[in-house]
Amino acid sequence: MNAPQAAPEDELDLMKEIISLCKQRGFIFQSSEIYGGLKSCYDYGPLGAELKRNIMNEWWRAMVHEREDIVGLDASIIMHTNVWKASGHLAGFADPLVDCLISKERFRADNAPRPEPGADLPIACGDKGQAKAYHKAITERFGIELRRRGKVLEGLKVIDEETFGFFADDSDEAAETFPYRGYVSPEIGCPFLSDERQFNLMFRTSLGPVDPVQRLARAIEGKALSRDEATAIIEEKIGENAVYLRPETAQAMFVQFANIQQALSLKVPFGIAQMGKSFRNEITVEHFIFRSCEFEQMEMEYFVEPGKQKEALDFWKDERLSWYQRYANDPSRFRLRQHEPEELAHYADDCYDIEYEYPWGWGELEGIASRTDYDLKKHSEHSGVRLTYFDPEKENPETGKKGVHYTPYVVEPAAGATRTTLMYLLDAFCYDSPRPDAQGKVKTRRVLKLHPRLAPYKVAVLPLVKRDGMPELAREIVQQFFNSGINAKYDEQHQVGKRYARHDEVGTPYCLTVDGESLEDGTVTIRDRDTTEQERIKIDEALQVVAGRLADS
RNA sequence: GCGGGUGUAGCUCAGUGGUAGAGCAUCACGUUGCCAACGUGAAUGUCGAGGGUUCAACUCCCUUCACCCGCUCCA
């Protein structure tokens, strides 16, 4: 008897398995692979396109079709640049980032500790070995010998706002001075830092047929410019027709709030939902499709009367959590996490994350934020257009009469469709318990236990052998499924056992097999992916049986 | 961006300074006909890319691209 194929030892192997399966079976390929690939970009192959689409369709069904109070939107990815000025993305997403020259740590300058003039600047290393290495690095690079006391390096002190210095023992005179940036690296408290670099997380491009580089070249031609002067001119010229790819889908729903509310005569509370691509120049991309620069979102803005946001937030956090669990095999890998007050974005008064326990730990799937009236007010200010709701029933506190204008508060469940796709792949992937096959060998079955509604193919129709009229009958059956809008797959390659195995691996929940008996009495077998059990049903009823099981699942 | 690892057939991986290997997958023929079957035969490679050292580089050196694992980003 052969030893069973080893199942993944740990969770990190699971990611490798998933990535490998995705490529092998046509779920997800690296973008531009034949050219060496492109960082963080991925293409969804035939199966992946189906899976992602099914997930997004289920979201749309739950959020838009099945609710009277929510409507859909499909907005342009490129929007007026003022949208991003109003939303704060142009300023807020341009974080000044700095690298510590000694520890190589990268951090945001605006969050770093700021020792005042007169303060000592001890460099606190992780351990003695590190202290030794950093000590050496500083000596080599800056020509000063700091005092090493355990894992702390001493001798530096802030002199004034713009200078720090090295002070030898018992000396009030600085032996050496350096320009001070006003802050130190958070991890070790080091003042030796790289230049601040602006990381604009938005993708900038230009709208219009004239290449901005030409105008730019003309503007700086023949001029001797300092770096700051050149930057200012370039910013101005590029800015003239600069546009941005949206970093989130949400803003269009605020910007079109009034149009949609009026066109559909919507009464608060109501929601606007949108799915689509968003783009962010992430500092680091990681974990396959988990964090990528181009990604897909499913967002909904729910507008409520001021004061009722808490109630709405409570509703949506539970509703959204249960939506994820509905399609998952292991509901225990999800959790809700409320943000700490200091963690909240400036526009939010409360926020929950729905997190999933990925192989590398808990990570976010969706954020459900109570965004107050921040966005509508900001867009109203910047555009000069009133973005309020008139409630004819509510009493105006000033006049005492019925009818009042107010700016609604917003609760926003914002989900990552790309991440959700990865999450359901992880949730579905498993090795079935080993069992002996017909030859007595022990085989471990690799199965994607995808929820039937998410599975790329709902049913595979297989002729047992490629003759005696079985292929023809099988094709007729497939056609019936197509006519009913159920994605079926005809498959006649290889021996039937191999076809079962391949369909298990891509998550096809049911296989219908046409055999000799089918031709005699009009029956086929239906095989269940998870149990591998088969039962015989009438061909005439096959469509109903499958449709019924899909509806019940 | 920094550190660590990886890159060889469609896939999973061996490999050595001297003519590129295995298993699986693929194709053909035969036997078979319900869970990755067996036999026989065939095809398959810019050894991630670009330079350098060498009589000779998949192997050693440099550069670069991509992926994976850690630091920061919150869909």
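Lettering of chains follows the sequences in order, A, B, ..., and the numbering in each one begins at 1. Values reported hereafter were calculated over all heavy atoms of this structure, with side chains retained and with hydrogens, waters and symmetry mates removed.
At a threshold of 4.0 angstrom between heavy atoms, the contacts of A:H339 include nucleobase atoms, whether or not backbone atoms are also involved. Using a 4.0 Å heavy-atom cutoff across all strands shown, A:R502 reaches no nucleic acid atom at all. Base contact: A:E286 has a heavy atom under 4.0 Å from a base atom. Counting any heavy atom pair closer than 4.0 Å across all strands shown, A:Q297 reaches sugar-phosphate atoms only and no base atom. Among the heavy atoms of the strands, none lies under 4.0 Å from A:E299. The residue A:L462 sits apart from the nucleic acid: no heavy atom pair falls under 4.0 Å. The residue A:S20 sits close only to the backbone: its heavy atoms come under 4.0 Å of sugar-phosphate atoms, none of a base. Residue A:V496 is classed as a sugar-phosphate contact, given heavy-atom separations below 4.0 Å to backbone atoms only. Using a 4.0 Å heavy-atom criterion, one finds that A:R467 contacts the bases of the nucleic acid, with or without backbone contacts as well.
Residue side chain A:Q534 reaches the base of B:rC35 through a donor-acceptor N/O pair under 3.5 Å, judged by distance alone. For A:Y500 against B:rC34, a side-chain-to-base donor-acceptor contact under 3.5 Å is present. In terms of polar N and O atoms assigned as donor or acceptor, the side chain of A:E505 comes within less than 3.5 Å of the base of B:rA36 in a complementary pairing. Judged by distance alone, with hydrogens and angles left aside, A:R499 brings no side-chain donor or acceptor close enough to the base of B:rC35 to form a pair under 3.5 Å.
Protein atom CD of A:E17 is 15 Å distant from nucleotide atom P of B:rC11, rounded to whole Å. Rounded to an integer number of Å, the gap from A:K23 NZ to B:rA25 P is 18 Å. Atom P of nucleotide B:rC74 and atom NE2 of A:H346 are separated by 12 Å, given to the nearest angstrom. Atom CZ in A:R419 sits about 7 Å away from atom C1' in B:rC74, given to the nearest Å. Separating the CD1 atom of A:I19 from the C1' atom of B:rC67 is a distance of 8 Å, rounded to the nearest angstrom. If you take CZ of A:F290 and C1' of B:rC69, they are 15 Å apart, rounded to a whole angstrom. When the P atom of B:rA25 is taken as reference, atom CZ of A:R25 falls 11 Å away, rounded to whole Å. Distance A:W360 CH2 to B:rC68 P: 10 Å, rounded to the nearest Å.
Look at the C1' atom in both B:rG18 and B:rU59: the space between them is 11 Å, to the nearest Å. Look at the P atom in both B:rA43 and B:rC27: the space between them is 16 Å, to the nearest Å. Comparing the same atom, C1', in B:rU16 and in B:rC68 gives a spacing of 27 Å after rounding to whole Å. Nucleotides B:rC61 and B:rU53 have their P atoms positioned 16 Å apart, rounded to a whole Å. Taking atom P on both B:rA25 and B:rU12, the two are 15 Å apart, rounded to the nearest angstrom. As rounded to the nearest Å, B:rG21 and B:rC47 have C1' atoms that lie 12 Å from one another. Taking atom C1' in both B:rG17 and B:rC38, the straight-line distance is 43 Å, to the nearest Å.
In summary, the aromatic rings of A:F290 and A:F288 are positioned with their centroids too far apart to meet the 6.0 Å limit. Between A:F429 and A:Y431, a ring centre-to-centre spacing shorter than 6.0 Å is recorded.
The aromatic rings of A:H287 and A:W360 lie parallel to each other, their planes meeting at an angle below 30°, with 60° marking the opposite boundary. Ring-plane geometry between A:Y374 and A:Y347 is classed as tilted, the angle between the planes lying from 30 to 60 degrees on a 0 to 90 degree scale.
Between A:R337 and A:E343 there is a salt bridge, since at least one side-chain N of the basic residue sits less than 4.0 Å from a carboxylate O of the acidic one. Ion pair A:E17/A:R446 flagged as a salt bridge, since at least one NZ, NE, NH1 or NH2 atom sits closer than 4.0 Å to an Asp/Glu carboxylate oxygen. A salt bridge does not link A:E299 with A:R246: every distance from a Lys NZ or Arg NE/NH1/NH2 to an Asp or Glu carboxylate oxygen is 4.0 Å or more.
Side-chain N/O atoms of A:K498 include one lying less than 4.0 angstrom from OP1 or OP2 on B:rA25.
No option in A:H339, A:Q338, A:R371 other than A:Q338 meets the side chain to side chain donor-acceptor pair (under 3.5 Å) test with A:D350. A salt bridge (Lys or Arg N to Asp or Glu O under 4.0 Å) with A:E505 holds for exactly one of A:R499, A:R25, A:K449, A:R529; it is A:R25. Each of A:T513, A:V496, A:D504 was evaluated against A:R527; a single residue qualifies, A:D504, per the side chain to side chain contact (heavy atoms under 4.5 Å, CB included) test.
Heavy atoms from other residues, nucleotides or ligands lying under 6.0 Å from CZ of A:R53 number 12 at most.
Mapping A:G497 and A:H287 onto RNA chain B by nearest heavy atom places A:G497 closer to the 5' end of the strand. Both A:S292 and A:D515 lie near RNA chain B, and the one whose nearest nucleotide falls closer to the 5' end is A:D515.
Of the candidate nucleotides B:rC74, B:rC73, B:rC34, B:rC34 has the atom lying nearest to any side-chain atom of A:T513. The side chain of A:Q495 sits closest to B:rA37 out of B:rA37, B:rC73, B:rA36. Checked against B:rA37, B:rA36, B:rA75, the side chain of A:R291 finds its nearest nucleotide in B:rA75. The side chain of A:Q24 lies closest to B:rU12 when the candidates are B:rC67, B:rG33, B:rU12.
Pair assignment for B:rC27 gives B:rG41, based on Watson-Crick or G-U wobble hydrogen-bonding distances that are each under 3.5 Å. With a 3.5 Å ceiling on both atom-pair distances, the Watson-Crick or G-U wobble partner of B:rG18 is B:rC55. With a cut-off of 3.5 Å on both pairing distances, the Watson-Crick or G-U wobble partner of B:rG70 is B:rC2. A 3.5 Å limit on both hydrogen-bonding distances identifies no Watson-Crick or G-U partner for B:rU32. Nucleotide B:rU46 is matched to nothing when pairs are restricted to Watson-Crick or G-U wobble geometry with both distances under 3.5 angstrom. Across all strands shown, B:rG7 forms a Watson-Crick or G-U wobble pair, both distances under 3.5 Å, with B:rC65.
Near RNA chain B, defined here as any heavy-atom distance below 4.0 Å, the residues from residues 39-48 of chain A are A:K39, A:S40, A:Y42, listed numerically.
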